[in-house]
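Reading through the structure tokens given below for one structure.
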There are 2 protein chains.
Amino acid sequence: MKKKEHKECLSALMPVRDTLDIIGGKWKILILISVWEGNKHFREIERSIPKISTKVLSKELKEMEINKLITRTVVNGFPVRTEYTPTPYSKTLRKVIKELQRWGLNHRKEVFGR
Amino acid sequence: MKKKEHKECLSALMPVRDTLDIIGGKWKILILISVWEGNKHFREIERSIPKISTKVLSKELKEMEINKLITRTVVNGFPVRTEYTPTPYSKTLRKVIKELQRWGLNHRKEVFGR
DNA sequence: ATTATTGATTACCTTAAGGTAACTGATTAC
DNA sequence: GTAATCAGTTACCTTAAGGTAATCAATAAT
């Protein structure tokens, strides 16, 4: 019986891990906020996030597209523009991010004193 | 004006980063749940989490103590036992973890279809 | 005395994440 | 023709995270 409880506890963690894979790491939330703010083009997003490299941005954008947080559309034109837009679905993360933010704010008080 | 908005956006992220530093990574939430479930001793916790190594557990427990998620008390006795117990404060993470879990569950449906 | 258990620490190695910088190819401006 | 912009890619290097295994000190059981 104990074993069963244990397994259930672990399987309950899988979704948590999934979520952390998607918004965890150093850049994902930054990028999300950047596109939420209206930045659409690769260089635009790059410039909006201090210290990010093209390589990392490129990689992260791909992963975020796979995870349906952004849409990538190539606008066939003269300087070949690419547009990244947040999906409506990405907005469902707002609540999660708010919770993370709220807890983090309170935690500073708790650890470093008032 | 744009610059100011940008700075504010970044500072709002600091608490999010703090939170992810504390509960992110591979093991922290596992350990938290293990102690919430009543596991108190080092070996007990270690055995409750498949694949974790003593080194990592030791390191994580220290960090979690610093972050006031667990209390470490050495019980001077015959085999010198150490007890790890979750703090009441650690329970404030339940809401956050629930949100992460909820989103992750829904995400599987979204990405891999129903 | 030897072995086992508890709670770790240490040294060493592997893997993964992230950074640096050069380069491609297309087009437009000078 | 040269430089610059856009959207990346590629190769290479560094750092950080994590795993493996040996070891230590204390005590208890055999």
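In what follows, chains are A, B, ... by sequence order, proteins preceding strands, each numbered from 1.
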Out of C:dT6, C:dT9, D:dA7, which nucleotide sits closest to the side chain of B:Lys62?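 Within the option list, the nearest is C:dT9.
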From the list C:dG18, D:dG8, D:dG18, which nucleotide is the closest neighbour of the side chain of A:Ser58? D:dG8
Is any side-chain N or O of A:Tyr84 closer than 4.0 Å to OP1 or OP2 of D:dC6?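 No, outside the criterion.
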Please confirm whether the shortest side-chain N or O distance from B:Lys26 to OP1 or OP2 of D:dG18 is below 4.0 Å.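 It does not, given that no N or O in the side chain of B:Lys26 lies less than 4.0 Å from OP1 or OP2 of D:dG18.
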In this structure, how many angstroms lie between the [atom2] atom of [N] and the [atom1] atom of [X], rounded?
X       : N      : atom1 : atom2 : answer
B:Arg72 : C:dA8  : CZ    : C1'   : 8 Å
B:Lys51 : D:dG19 : NZ    : P     : 10 Å
B:His41 : C:dG7  : NE2   : P     : 7 Å
A:Arg47 : D:dG8  : CZ    : P     : 14 Å
B:Glu44 : C:dT6  : CD    : C1'   : 12 Å
B:Arg81 : C:dA4  : CZ    : P     : 19 Å
A:Glu60 : C:dG18 : CD    : P     : 6 Å
B:Leu57 : C:dT9  : CG    : P     : 11 Å

Full working for side chain to side chain contact (heavy atoms under 4.5 Å, CB included) between B:Arg17 and A:Lys26: CA-CA 8 Å; B:Arg17 283 264 229 269; A:Lys26 216 169 168 181; 3.9 Å; yes
Watson-Crick or G-U wobble mate for C:dC12, both contacts under 3.5 Å: D:dG19
Go nucleotide by nucleotide along DNA chain C from the 5' end; which of B:Phe42 and B:Lys55 gets its closest nucleotide reached first? B:Phe42
Tell me what A:Thr82 touches on the nucleic acid: a base, only sugar-phosphate, or nothing, going by heavy atoms under 4.0 Å.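 Touches sugar-phosphate only.
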Would you state whether a donor and an acceptor, one from the side chain of B:Arg43 and one from the base of C:dG7, lie under 3.5 Å apart?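 Yes.
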Show your working on side chain to side chain donor-acceptor pair (under 3.5 Å) between A:Ser34 and A:Ser48 and close with a plain yes or no. CA-CA 7 Å; A:Ser34 180; A:Ser48 78; 2.7 Å; yes
Is the distance from the ring center of A:Tyr84 to that of A:Trp36 below 6.0 Å?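 Distance test on ring centres: not under 6.0 Å, no.
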Can you name the nearest heavy-atom pair linking B:Thr92 to B:Val96, along with the distance?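 So the two residues come closest at O-CG2, 4.2 Å.
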Heavy-atom nearest pair, B:Phe42 first then B:Leu57, reads O-CD2, 3.7 Å
